[in-house]
Amino acid sequence: MSKAKVLLQIYQKMFDTLGPQYWWPGETPFEIIIGAILTQNTSWSNVEKAIRNLKNTGKLTPEAIHELNVTELSQLIRPSGFFNVKARRIKTFMDWLFSNYGGSLSRLFAQDLQTLRSELLAVKGIGPETADSILLYAGNLPTFVVDTYTYRIFSRHGFIPEESSYDEIKSLFEENLPKDVKLFNEYHALLVNTGKMFCKPKKFCEQCPLKEFL
DNA sequence: ATCCTGAGGC
DNA sequence: GCCTCGGGAT
């Protein structure tokens with residue numbers, strides 16, 4: 001069977017079992033960008049507290065965060081963990097956004113996808129997963145997000161080698177699926193939820209919607 | 001005690 | 001390739 005067909009079957013099975021995921025859980029593109037950095041190796045419930053702090057103090061705008069110093073910002077995002085590094089990463093991103101795009105997200109996302117992706121990866125603190133999350137969920141651009149769950153689910157099922165790189169896994173999806181923003185959005189969200197509930201470090205294959213693909 | 005929608009530095 | 005960053009939930 002073709003890779004394209006298997007990928008769509010896996011998608012369909014997860015969707016039928018788990019339903020639409022309504023991602024990203026953020027109200028604005030800017031909130032999604034901040035969330036993408038805050039959630040690095042961190043559970044979303046803790047990110048929500050940090051975002052709540054920013055909202056409550058009126059700091060969840062490009063201008064407001066640009067004016068905060070790193071120490072003030074780190075205290076607001078404290079509940080998300082790694083708050084010192086993340087405060088620096090957010091500030092570095094904001095400095096870059098203002099010097100290259102005048103602080104405008106619409107100008108940012110008007111940029112060509114591949115150009116913008118390599119620009120984002122050059123910003124210190126923005127790695128491949130964060131870059132792709134920003135592009136897909138804040139920018140509505142057709143790039144596939146790969147994460148720990150994607151790797152774990154597909155390597156456990158023997159669909160990809162253990163030593164697969166981020167870009168190799170990303171290519172598997174992008175070369176075998178239509179470049180559809182809505183599909184990429186839902187597919188990654190479903191993989192995350194499947195990973196959280198079933199494909200954990202400790203396996204729960206019996207209840208997993210993808211057990212028939214083992 | 002383990003894990004959480006990673007990335008940079010060495 | 002290994003270490004660090006880290007509070008919060010379970």
Requested in this report: Check the distance between C:dG1's P and A:E163's CD and give it to me in whole angstrom.
Outcome: 11 Å

Report summary line: Separation of C:dG7 atom C1' from A:N41 atom CG, nearest Å, is 12 Å

Query raised in the report: Counting only distance, no hydrogens or angles, is the base of C:dG8 paired donor-acceptor with the side chain of A:T42 under 3.5 Å?
Result: no

**Report entry** Basic-acidic side-chain contact under 4.0 Å: A:E186, A:K182
**Finding:** yes

Query raised in the report: Would you say B:dA7 has OP1 or OP2 under 4.0 Å from some side-chain N or O of A:T130?
Result: yes

Query raised in the report: Which is true for A:K49 with a 4.0 Å heavy-atom rule: it touches a base, it touches only sugar-phosphate, or it touches nothing?
Result: sugar-phosphate

Requested in this report: Rounded to whole angstrom, note down the C1' distance from C:dC5 over to B:dC4.
Outcome: 14 Å

Requested in this report: Using only side-chain N and O atoms of A:R152, determine if any of them is under 4.0 Å from OP1 or OP2 of B:dC4.
Outcome: yes

Requested in this report: Please determine, for the side chain of A:W24, which listed nucleotide (B:dG8, C:dG7, B:dT5) has the closest atom?
Outcome: B:dT5

Report task. Report which part of the nucleic acid A:V123 touches: base, sugar-phosphate, or nothing (heavy-atom distance under 4.0 Å, all strands). Result -> sugar-phosphate

Query raised in the report: Given atom CD of A:Q75 and atom P of C:dG7, what is their separation to the nearest angstrom?
Result: 10 Å

Query raised in the report: Touch check for A:G81, heavy atoms < 4.0 angstrom, all strands: base, sugar-phosphate only, or nothing?
Result: base

Query raised in the report: If each of A:Y166 and A:K200 is mapped to the nucleotide of DNA chain B with the nearest heavy atom, which maps nearer the 5' terminus, i.e. the 5' end?
Result: A:K200

Query raised in the report: Between A:H188 and A:W23, how do the two ring planes meet: parallel, tilted or perpendicular, split at 30° and 60°?
Result: perpendicular

Requested in this report: Quote, to the nearest angstrom, the C1' distance that separates C:dG1 from B:dT5.
Outcome: 24 Å

Report summary line: Among B:dT5, B:dG6, C:dA9, the one nearest any side-chain atom of A:W44 is B:dT5

Query raised in the report: C:dG7, B:dT5, C:dG6: which one has an atom nearest the side-chain heavy atoms of A:R78?
Result: C:dG7

Query raised in the report: With sugar-phosphate meaning primed atoms plus P, OP1 and OP2, does A:L191 contact a base, only sugar-phosphate, or nothing at under 4.0 Å between heavy atoms?
Result: nothing

Requested in this report: Mind calculating the distance between CZ (A:F83) and C1' (B:dG6) to the nearest angstrom?
Outcome: 17 Å

Query - Toward the 5' end of DNA chain B, by each residue's nearest nucleotide, A:G195 or A:G125 - result: A:G195

Query raised in the report: C1' atom, B:dC3 versus C:dG6: distance in rounded Å?
Result: 13 Å

Query raised in the report: Is a donor on one side and an acceptor on the other found under 3.5 Å between the side chain of A:D132 and the backbone of A:V145?
Result: no

Query raised in the report: Between A:Y149 (OH) and B:dC4 (C1'), how many Å, whole number?
Result: 6 Å

Report task. Have a look at A:Y11 and tell me which of A:F144, A:Y187, A:F173 forms a ring pair (Phe, Tyr, Trp, His ring centres under 6.0 Å) with it. Result -> A:Y187

**Report entry** P-based separation of C:dG8 from B:dA7 [nearest Å]
**Finding:** 23 Å

Report summary line: Looking only at B:dG8, B:dT5, B:dA7, the nucleotide nearest the A:K124 side chain is B:dG8

Query raised in the report: Between A:F82 and C:dT4, do the rings stack, that is, sit under 5.5 Å apart with planes less than 30° off each other?
Result: no

Query - N or O in side chain of A:S80 less than 4.0 angstrom from C:dG8 OP1/OP2 - result: no

Query raised in the report: Any donor-acceptor pair under 3.5 Å linking the side chain of A:K13 with the backbone of A:P209?
Result: no

**Report entry** Whole angstrom value for the distance that separates P of C:dC5 from NZ of A:K86
**Finding:** 14 Å

**Report entry** Nearest-angstrom distance from the residue atom CZ of A:R52 to C1' of C:dG8
**Finding:** 18 Å

Query raised in the report: Between A:K3 and A:E175, does at least one N-O distance fall below 4.0 Å, as a salt bridge requires?
Result: no

Report task. State whether A:N46 places a side-chain N or O below 4.0 Å from either non-bridging phosphate oxygen (OP1 or OP2) of B:dC4. Result -> no

Query raised in the report: Do A:F30 and A:L60 come close enough that some side-chain heavy atom pair is under 4.5 Å?
Result: yes

Query raised in the report: How long is the line joining CD of A:E48 and C1' of C:dG7, in whole Å?
Result: 15 Å

